[in-house]
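Every value quoted in this text rests on a predicted model; they were computed, and no experiment measured them.
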Amino acid sequence: MANHTPKPDDRSDNVEKLQSMIHHTIANMEDAEAAMVNSSPEDQERIKAKNERRRDSIDAFRAEIKDEAHNQQH
């Protein structure tokens with residue numbers, strides 16, 4: 001039987017990963033807003049709702065970055 005030990009928790013690059021996720025999420029929002037021009041009213045509402053969820057995610061990413069920065073100082 002193989003020994004299944006978990007890998008150590010390496011959080012050293014979490015801030016960079018979170019910033020990358022923010023960047024990609026913003027790019028997705030911009031692409032979605034550009035697509036709204038040629039979308040039906042129903043699709044426009046779906047896009048607006050999804051972008052609102054993306055804004056919530058960005059807020060959560062930013063809060064997590066603050067937590068990571070705080071944890072790295074200690």
Side-chain angles (χ1 to χ4, degrees):
M1 187 185 295
N3 184 9
H4 295 289
T5 57
K7 293 182 181 180
D9 187 17
D10 180 11
R11 303 175 71 87
S12 62
D13 63 347
N14 277 9
V15 172
E16 291 84 10
K17 287 179 183 177
L18 289 164
Q19 288 172 334
S20 176
M21 290 189 296
I22 289 172
H23 172 76
H24 289 285
T25 302
I26 291 171
N28 288 340
M29 287 175 64
E30 291 170 350
D31 290 345
E33 288 174 7
M36 282 178 54
V37 175
N38 299 319
S39 299
S40 69
E42 296 84 13
D43 286 341
Q44 288 178 6
E45 287 304 313
R46 278 191 225 111
I47 291 168
K48 288 177 186 176
K50 187 161 190 170
N51 277 353
E52 188 58 38
R53 291 190 302 273
R54 286 176 171 140
R55 282 184 198 87
D56 293 342
S57 293
I58 289 171
D59 290 343
F61 292 150
R62 288 182 174 144
E64 194 168 343
I65 287 172
K66 287 179 186 177
D67 289 345
E68 286 295 324
H70 177 75
N71 289 337
Q72 288 177 359
Q73 291 175 354
H74 290 106

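Distance OG/S40 to CZ/R46: 6.0 Å, rounded to 0.5 Å. Interatomic distance, CG of D13 versus CD of E68, reported as 9.5 Å (0.5 Å rounding). Here CD1 of I22 is found 9.0 Å from CG of D59. Values are rounded to the nearest 0.5 Å. For the atom pair NZ of K17 and CD1 of I65, the computed distance is 13.0 Å after rounding to the nearest 0.5 Å. Residue E30 holds its CD atom at 9.5 Å from CG of N28, rounded to the nearest 0.5 Å.
Across all their heavy atoms, E33 and I47 have their closest contact at N-CG2, 4.5 Å. Between L18 and E64, the shortest heavy-atom distance links the atoms CD1-CG, 3.8 Å. Residues M36 and Q44 approach most closely at O-NE2, 3.0 Å, considering heavy atoms.
Applying the side-chain contact (heavy atoms from CB on, under 4.5 Å) rule to S57 yields the partners F61; only residues at least two apart in sequence or on another chain are considered. Residues satisfying the side-chain contact (heavy atoms from CB on, under 4.5 Å) test with K50, not counting sequence neighbours, are R53, R54.
Of the possible polar contacts, one joining the T25 side chain to the M21 backbone as a donor-acceptor pair under 3.5 Å is found.
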